[in-house]
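Contents: one structure, followed by commentary.
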Amino acid sequence: MDFVDSGLYRDITDYARDTPSWVRLTAEIGTEAGLLVFVALFVTGWWRARHAGSRAFAIAALAPVATAAAYVCSEVLKSVVTQERPCRAVTGAAEPLTACPPHGDWSFPSNHATIAGASALTLVLVRRALVWLTAPLALLMAFSRVFVGVHYPHDVAAGLLLGTAAALIAVRLGLRPALRLTEAMRASSAPATRWLAGPGPRSGAHTVPPHATHRRG
């Protein structure tokens, strides 16, 4: 089947083949390494949220769970659509920069783009300022899947939309139970459980006693 954006796929993969070798190597590595960056951001978000309020910690804990839920949705949709990979289906296209996935590893939607969209959205919910990092990273990861030749442009666009939507729904549905669990963990008598949830906000740590502002006579 020839899709509307097959021409765009050819243009991008032709351009990719004409880029310097270091660009091609960076794309090959980066298309997978971006996932590790999101994992590192999840861990960092959890660590910082240990000293935040219960809601902030609950969202940080839900972020990777919501991303996993988005990935499952992507896999289910793949098995329904069963679209062949463009590196096998598009005639006259340049050879992909990475190995074309085997038949049965369907193309629509892109799992990488779904994970990238879900990760970017949930991390922004943890800390809004991260949008300047996660949004460009998600877009770059999605584009890299077309650049290396294993997805159509519409695969990655659908993946980004699916990931953000599925992750947002998962966070909304899971927030209340996650809040209860966070509070229970922080009140637990088990040291390991309290360590995982963290101590919460350090209220009053820097409070200045009223008399401290008065000079001694």
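Only a predicted model underlies this, so the values are computations on that prediction, with no experimental measurement involved.
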For [X] and [Y], which heavy atoms make the closest approach, and how far apart are they?
X: A94; Y: R17; answer: CB-CG, 3.7 Å
X: T13; Y: G149; answer: CG2-CA, 3.8 Å
X: A167; Y: A66; answer: O-CB, 3.7 Å
X: A138; Y: F38; answer: N-CZ, 4.1 Å
X: S6; Y: V90; answer: OG-CG2, 4.1 Å
X: L137; Y: G34; answer: CD2-O, 4.5 Å

Tell me which one of V39, T122, L62, V171 satisfies side-chain contact (heavy atoms from CB on, under 4.5 Å) with T67. T122
Before giving the answer on side-chain contact (heavy atoms from CB on, under 4.5 Å), spell out for W46 and V126 the whole-Å C-alpha distance, their side-chain angles and the decisive distance to 0.1 Å. CA-CA 9 Å; W46 158 74; V126 173; over 6 Å; no
Any side-chain heavy-atom pair from [X] and [Y] closer than 4.5 angstrom?
X: V148; Y: P96; result: no
X: R24; Y: I29; result: no
X: N111; Y: K78; result: yes
X: T134; Y: L121; result: no
X: R194; Y: M185; result: no
X: L160; Y: L139; result: yes
X: V146; Y: Y152; result: no
X: M141; Y: L35; result: yes

Answer with yes or no whether the hydrophobic clustering places [X] together with [Y]; edges join I, L, V, M, F, W, Y residues whose side-chain heavy atoms lie under 4.5 Å apart.
X: I59; Y: L133; value: no
X: L41; Y: L168; value: no
X: Y9; Y: Y15; value: yes
X: L162; Y: V156; value: no
X: L123; Y: L175; value: no

Please say whether the positively charged group of R186, taken as NZ for Lys or CZ for Arg, lies over the ring of F57, i.e. under 6.0 angstrom from the six-membered ring centre and within 45 degrees of the axis. yes
Start with the C-alpha distance between H154 and Q83, add both sets of side-chain angles, then the distance that settles side-chain hydrogen bond (donor to acceptor under 3.5 Å, both in side chains), and finish with yes or no. CA-CA 12 Å; H154 70 261; Q83 173 190 288; 3.0 Å; yes
Greater than 12 external heavy atoms within 6.0 Å of R55's CZ: no
Quick check on E32: does its CD atom have over 12 non-hydrogen neighbours (other residues, nucleotides or ligands) under 6.0 Å away? yes
Passes side-chain contact (heavy atoms from CB on, under 4.5 Å), L97 versus F147? Steps please. CA-CA 8 Å; L97 300 182; F147 189 87; 3.8 Å; yes
Working for salt bridge (charged side-chain N to carboxylate O under 4.0 Å, His left out), residues D155 and R145: CA-CA 9 Å; D155 294 339; R145 303 306 289 166; over 6 Å; no
Contacts of type salt bridge (Lys or Arg N to Asp or Glu O under 4.0 Å), residue D11, not counting sequence neighbours: none
Give, for atom [atom1] of [X] and atom [atom2] of [Y], the distance between the pair rounded to the nearest 0.5 Å.
X: I115; Y: S74; atom1: CD1; atom2: OG; answer: 7.5 Å
X: S54; Y: L181; atom1: OG; atom2: CG; answer: 10.5 Å
X: H151; Y: S107; atom1: NE2; atom2: OG; answer: 5.0 Å
X: R50; Y: W195; atom1: CZ; atom2: CH2; answer: 5.5 Å

Please evaluate residues L77 and F108 with respect to the criterion side-chain contact (heavy atoms from CB on, under 4.5 Å), reporting the C-alpha separation (whole Å), side-chain torsions for both, the decisive distance (0.1 Å), and the verdict. CA-CA 8 Å; L77 190 54; F108 181 89; 4.1 Å; yes
Any sub-3.5 Å donor-acceptor pair from T19's side-chain atoms to A16's backbone N or O? yes
Between S188 and A184, is there a donor-acceptor pair closer than 3.5 Å when you use the side chain of the first and the backbone of the second? no
Set of residues satisfying side-chain contact (heavy atoms from CB on, under 4.5 Å) with respect to R48, sequence neighbours excluded: T44, R127
Pairing donors with acceptors under 3.5 angstrom, does anything connect the side chains of R88 and H103? no
Tell me, with the steps shown, if V150 and H112 meet side-chain contact (heavy atoms from CB on, under 4.5 Å). CA-CA 11 Å; V150 295; H112 282 69; over 6 Å; no
